[in-house]
Amino acid sequence: MKTSLRGPHVLSFDILERVLPKSRTGIFALGFEDREGRFRVQSVGRDDYDLRARLCELIGSSAMFKFATHPTARQAFDHECELFHALRPPSNFIHPGRPAGTDWQCAHCLQFH
Ligand SMILES: [Zn+2]
């Protein structure tokens, strides 16, 4: 995988404030640690404007999270698609969406062709 995610961290307001600046574009993986201490991804997602605010809304939905920030929404989209196809997260029922008004293609499938 070209870019690793940072974490896992406990999904709480205090931790988010400490590890993630606000108003950053990026992606996240929500999940938990299994008995062997491995991070198990349940879902992946993206926020093009404020990743921390998005994760704050998700507190309580999962125990832990990982994240990565990106300079552009396009890079975040590409990374989210890559993880979606590589991990097949059990709680992601639909393909990651692209921002309205873009013609971005997923590099891993024909979703938008
Ligand atoms: Zn795809």
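From a predicted model like this one, the values you see are computed outputs, not experimental measurements.
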Inset, instruction - Kindly indicate whether the side chain of Leu30, heavy atoms from C-beta on, has any atom under 4.5 Å from the side chain of Leu58. - result: yes
Legend entry - Co-membership, hydrophobic cluster, residues Phe32 and Val10, 4.5 Å side-chain: no
Legend entry - Distance in Å, Lys22 NZ paired with Asp50 CG, rounded so as to fall on 0.5 Å steps: 7.5 Å
Inset, instruction - Taking all heavy atoms of Ser43 and all of Pro89, pick out the closest pair and write down the distance. - result: CA-CB, 3.6 Å
Legend entry - Note, Leu55 side chain near Leu20 side chain (heavy atom, < 4.5 Å): yes
Inset, instruction - Test the Arg54-Phe28 pair against the cation-pi criterion, namely NZ or CZ under 6.0 angstrom from the six-membered ring centroid and within 45° of the ring axis. - result: no
Inset, instruction - Please report the closest heavy-atom contact between Ala68 and Leu51, naming both atoms and the distance. - result: O-CD2, 3.9 Å
Inset, instruction - Over 60° means perpendicular and under 30° means parallel, so classify the ring planes of Phe112 and His95, tilted if in between. - result: perpendicular
Legend entry - Exercise: identify the closest heavy-atom pair between Thr69 and Arg24: CG2-CB, 3.9 Å
Inset, instruction - Say whether, by atom type as modelled, one donor and one acceptor occur between the side chain of Asn92 and the main chain of Ile94 under 3.5 angstrom. - result: no
Inset, instruction - Kindly indicate whether the side chain of Pro99, heavy atoms from C-beta on, has any atom under 4.5 Å from the side chain of Trp104. - result: yes
Legend entry - Salt bridge present between Asp34 and Arg40 (N-O < 4.0 angstrom): yes
Inset, instruction - Would you please test Ser62 and Gln42 for side-chain hydrogen bond (donor to acceptor under 3.5 Å, both in side chains) and show each step? - result: CA-CA 8 Å; Ser62 280; Gln42 293 174 301; 2.8 Å; yes
Legend entry - Check: Phe13 and Cys56 side chains under 4.5 Å, non-hydrogen atoms: yes
Legend entry - Arg46 side chain to Glu80 backbone, donor-acceptor under 3.5 Å: no
Inset, instruction - First locate atom NZ of Lys66, then atom CZ of Arg6, and finally report the distance between them rounded to the nearest 0.5 Å. - result: 12.5 Å
Inset, instruction - Would you please test Leu5 and Phe67 for side-chain contact (heavy atoms from CB on, under 4.5 Å) and show each step? - result: CA-CA 5 Å; Leu5 298 172; Phe67 73 97; 5.7 Å; no
Inset, instruction - Report yes or no: do Tyr49 and Val44 belong to one cluster of Ile/Leu/Val/Met/Phe/Trp/Tyr joined by side chain heavy-atom distances under 4.5 Å? - result: no
Legend entry - Nearest-0.5 Å distance that lies between atom CG in Leu11 and atom OG in Ser61: 6.0 Å
Inset, instruction - Using a 4.5 Å cut-off on heavy atoms from C-beta on, say whether the side chain of Met64 contacts that of Glu33. - result: yes
Legend entry - Plane angle bin for Phe65 and His9 - parallel if under 30°, tilted between 30 and 60°, otherwise perpendicular: tilted
Inset, instruction - State the NE2-OG distance between His79 and Ser4, to the nearest 0.5 angstrom. - result: 7.5 Å
Legend entry - From CD1 (Ile27) to NE2 (His70), nearest 0.5 Å: 4.5 Å
Legend entry - Salt-bridge criterion met for Arg74 and Asp78 (N-O under 4.0 Å): yes
Inset, instruction - Working to the nearest 0.5 Å, report the span between SG of Cys106 and CZ of Phe77. - result: 6.0 Å
Inset, instruction - Provide the closest heavy-atom pair for Phe39 versus Pro8 in the form atom of the first, atom of the second, distance. - result: CD1-CB, 3.6 Å
